[in-house]
*Asks:* 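The structure is given below, and queries will be raised subsequently.
Just follow the structure's listing: the first ligand is 1, and inside any ligand the first atom is 1.
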Amino acid sequence: MIKTDIIIIGAGPCGLFSVFEAGLLNMRCHLIDYLPQPGGQCSEIYPKKPIYDIPGFPSILAGDLVNNLMNQIKPFQPGFTLGERVEKVSKGKDNFFTVTTSRGTKHMSKVIVIAAGLGCFEPRKPAIDSLDLFEDYGVDYIIKDPMKFNNKKVVISGGGDSALDWAIHLAKDICSEVTLVHRRDSFRGHLDSIEQVKKLAAAGKINLYTNSEVTKLEGDSYLDTIIIKTENQEINQKTDYWIPLFGLSPKLGPIANWGLGLEKNAIIVNTEDYSTNIPGIYAIGDINTYPGKLKLILSGFHESALMSHSAFKFVFPEGKKSFKYTTVLGGIEGFKS
Ligand code: FAD
């Protein structure tokens, strides 16, 4: 269990920048995100899209912005718990919050910052009988650690960048067999990735089935065989894993049950410091709402600065805060001394 000053739920751009703002005031942070990588919408939905409204950057790719934020917060050594969803938040008599994730991990902190964006990105699941029986027993929706599939037979379904990129990566030097099944003839991914998949298929490194879909799963307690329906036949294929990559859709999820003031799936905050109705819990970025709210990264960055100065009083109730510019103190090391 980690005991820290601030637990940040959501490692999107606003959660990441909060580590910097909190770090300037000597507060330590631990981030938890359901996704296997940091960056929220920027990494998951549009990593290759340029953003034009980040001050100081006439244009920056969303993925590069996330990389820059990760570099910017490095000196503050934040902790990360990735691939786990925060299910429960409770407060003990010692005034520490305990946060419990979907995997039963528990972390404690004096302050909670909810930077959960549009909520948890949940996998879009195919409508197949007995799918739930094989979840975690041969069916995965997210690839957290590709080495899990080392030397395994894997079937991937989907026609977007995720399906293409993982098929290429796993086929190159990880899996013993990779099959890509897509229900249409054409793919939605980058042209370069489509070309690579076609080349790997021609070289016999990917079994490629287009105009096809997985229709049935079989196995005793673990997935053993999948049935692929192509245009003119049904194929019984032995496999260790099936990974349907049909995209993710955001859901507010468990946050709705934590007793927070909500309006239209967003958390109501006080714009003085982005505090919620529960003392010690703040909400910043896309997840909050107030009159005039703009769901922009820029707004979330501003909110994280005000939140951090207010959170200070929970972390250091006796402490005296002095505000100085980063430039005045000669860089981040100046703050840490
Ligand atoms: P998010 O980026 O949504 O991150 C929230 C994170 O919280 C997610 O990773 C999620 O997995 C996690 N999470 C949620 N609930 C839980 C839980 N219970 N447990 C664990 N983790 C949880 N904005 C701009 O300013 N400029 C642009 O040009 C721009 N272009 C955009 C283009 C597109 C296509 C889209 C979709 C959005 C665009 N936006 C743009 C909006 C911008 O991406 C969002 O404002 C920004 O991502 C919000 O950041 P955030 O940190 O609040 O949340």
*Asks:* On the 0 to 90° scale, with breaks at 30° and 60°, tag the Trp242-Phe246 ring pair as parallel, tilted or perpendicular.
*Replies:* perpendicular
*Asks:* Check each atom of ligand 1 against the heavy atoms of Ala115 and keep those under 4.0 Å away; list them by number with element.
*Replies:* 5 (C), 6 (C), 7 (O)
*Asks:* Quiz question: by atom type and distance under 3.5 Å, do the side chains of Asn95 and Lys110 form a donor-acceptor pair?
*Replies:* no
*Asks:* Test: ring pair (Phe, Tyr, Trp, His ring centres under 6.0 Å). Region: residues 150-178. Which pairs qualify, not counting sequence neighbours?
*Replies:* Trp166-His169
*Asks:* For Val86, counting its heavy atoms only, list the atoms of ligand 1 lying under 4.0 Å from any of them.
*Replies:* 17 (C), 18 (N), 19 (N), 20 (C)
*Asks:* For Asp273 and His309, does a side-chain donor sit closer than 3.5 Å to a side-chain acceptor?
*Replies:* no
*Asks:* With only distance considered, is Tyr52 within less than 3.5 Å of ligand 1 through an N or O on each side?
*Replies:* no
*Asks:* Determine, using heavy atoms of Glu84 and all atoms of ligand 1, whether some pair is separated by less than 4.0 Å.
*Replies:* yes
*Asks:* Kindly write out the residues that satisfy ring-ring contact (aromatic ring centres under 6.0 Å, His included) with Phe97, not counting sequence neighbours, or none if the list is empty.
*Replies:* none
*Asks:* Just how far is it from atom CD1 of Ile7 to atom CD1 of Ile281, taken to the nearest 0.5 Å?
*Replies:* 10.5 Å
*Asks:* Looking only at protein heavy atoms, which one is nearest to atom 53 (O) of ligand 1, and what is the separation?
*Replies:* Gly117 CA, 3.2 Å
*Asks:* Ignoring angles and geometry beyond distance, decide whether Cys14 reaches within less than 3.5 Å of ligand 1 through its nitrogen or oxygen atoms.
*Replies:* yes
*Asks:* If you count the atoms of ligand 1 from 1 in the order shown, which ones are under 4.0 Å from a heavy atom of Arg85?
*Replies:* 17 (C), 18 (N), 19 (N), 20 (C)
*Asks:* Hey, do the aromatic rings of Tyr290 and Tyr274 have their centres closer than 6.0 Å?
*Replies:* yes
*Asks:* Under 4.0 Å from a heavy atom of Leu35: give me the atoms of ligand 1 that qualify, with their elements.
*Replies:* 9 (O), 11 (O)
*Asks:* With no hydrogens and no angle check, just 3.5 Å: does a side-chain donor-acceptor pair link Asn257 and Glu87?
*Replies:* no
*Asks:* Could you name the option among Trp258, Phe301, Tyr34, Tyr46 that has the heavy atom nearest to atom 31 (C) of ligand 1?
*Replies:* Tyr46
*Asks:* Give the atom numbers and elements of ligand 1 that come within less than 4.0 Å of a heavy atom of Gly285.
*Replies:* 52 (O)
*Asks:* Looking at ligand 1, would Gly119 count as a contact under a 4.0 Å heavy-atom criterion?
*Replies:* yes
*Asks:* Counting each atom of ligand 1 from 1 as listed, which ones have a heavy atom of Ile51 under 4.0 Å away?
*Replies:* 26 (N), 27 (C), 28 (O)
*Asks:* So for Glu44, does at least one of its heavy atoms come nearer than 4.0 angstrom to any atom of ligand 1?
*Replies:* no
*Asks:* Any salt bridge between Glu135 and Lys125, counting N to O under 4.0 Å?
*Replies:* yes
*Asks:* Can you sort out which atoms of ligand 1 are near Lys295, meaning under 4.0 Å from one of its heavy atoms?
*Replies:* 45 (O)
*Asks:* If the cut-off is 4.0 Å to any non-hydrogen atom of Gly10, which atoms of ligand 1 fall inside it?
*Replies:* 6 (C), 7 (O), 12 (C)
